[in-house]
Amino acid sequence: MPLNQSFVGRTYPPTEPYEVGREKIREFAKAIGDANPAYTDQRAAKTLGHPDVIAPLTFPFVITYPATAQVVDDPELGLDFSRVVHGDQKFTYIRPVHAGDQLSVVCAIEAIKSVAGNDFISISGKVYDQYGGHVVTSTMMLVARAPEGE
Amino acid sequence: MAARLKYAEIEAGTELPPLTVPVTRATLVQYAGASGDFNPIHWNEKFAKEVGLPNVIAHGMFTMASAIRMVTDWAGDPGAVVEYGVRFTKPVVVPDDDKGAVIEVSGKVAAKLDDEARTVRVDLTVTAADQKVLGQSRAVVQLA
């Protein structure tokens, strides 16, 4: 059954703050094989004009993806997660994420469409700092493939 | 932002230095730990095959993270990249051997977007085993 269009625009409550730590950024940068000193060396980051080490561009996904569980597990929406694949992903920055940020995510359903039995759901995660400032928006599209035999 | 490249000196069509990223099973285990994404399709061959994949595949987000390094290395300051989006078109299949897989990244300045904001759009081409693994892979970079 196609997903209900009336869910477009539904917004979920902000998540508990996630504190971005220097060592977590270091671990993540190492895991993606990125040796840019802006991620690990405070002096290098400050030379570039940042208040502390910054996080790699895709790092917010570590926070925004778990936040989308609210949407994916929403019983009223009825998304079958066993059929879901990650279709696309985008980050739109107001400013870089840096160590010391306490980030909270507000998820919203941006769009739902159904094509040939496949459901496409676009979910935004707006990321705010502890002062209420908007830092970055992560937008992901999930694709729920049509069940076998339909 | 402190990009070292000057907007005035960059032309549309400028090619970025390409990047080659080797990916082994160990890479995926490390990324799983750092990102918190422990989906078994990224480390368990038996499970991956049961759900219809040819083998273990890399996290799409790992591929996305690897590819943008070409742009952040070029720009100097990773904070100069203000927008980055990709479509996941094909999985990067990672066999359990010494070589694993190789992600090839190339790209060029597709357009100068805004003279006042000094932004350019970089289009990335990301392949593995001669197949495009990311589609519509684009970044907006704010230059000096």
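So that the names make sense, note that chain A is the first sequence line, chain B the second, and so on, each numbered from 1. This structure is a prediction, so every number in the text was calculated from the model and none was measured.
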If hydrophobic clusters are built from ILVMFWY residues whose side chains come within less than 4.5 Å, do [X] and [Y] share one?
| X | Y | result |
| --- | --- | --- |
| A/Y65 | A/I109 | yes |
| A/L142 | A/Y12 | yes |
| B/L16 | B/Y7 | yes |
| A/V106 | A/V127 | no |
| A/V8 | A/V84 | yes |

For a 4.5 angstrom cut-off between non-hydrogen side-chain atoms, does B/Q30 reach A/E27?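 Not touching, per the 4.5 Å side-chain cut-off.
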Does some side-chain heavy atom of A/I32 sit less than 4.5 Å from a side-chain heavy atom of B/Y31? yes
Where does [X] contact chain B at under 4.5 Å (heavy atoms): side chain, backbone, both or neither?
| X | result |
| --- | --- |
| A/I54 | side chain |
| A/F28 | both |
| A/D34 | both |
| A/Y39 | side chain |
| A/K24 | side chain |

Against chain B, work out which of A/V62, A/T92, A/L57 has the most heavy-atom pairs shorter than 4.5 Å and name it.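 Ranked by contacts with chain B, first place is A/L57.
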Does the pair A/K90 and B/R138 meet the rule for a side chain to side chain contact (heavy atoms under 4.5 Å, CB included), with working shown? CA-CA 9 Å; A/K90 186 176 184 180; B/R138 293 170 178 175; over 6 Å; no
Counting a contact as any heavy-atom pair under 4.5 Å apart, which residues of [range] contact chain A?
| range | answer |
| --- | --- |
| residues 34-57 of chain B | B/A34, B/S35 |
| residues 83-91 of chain B | B/E83, B/Y84, B/G85, B/V86, B/R87, B/F88 |
| residues 92-123 of chain B | none |
| residues 64-73 of chain B | B/M64, B/A65, B/S66, B/I68, B/R69, B/T72, B/D73 |

Residue pair B/P78 / A/L48: nearest heavy atoms and the distance that separates them: CD-CD1, 4.5 Å
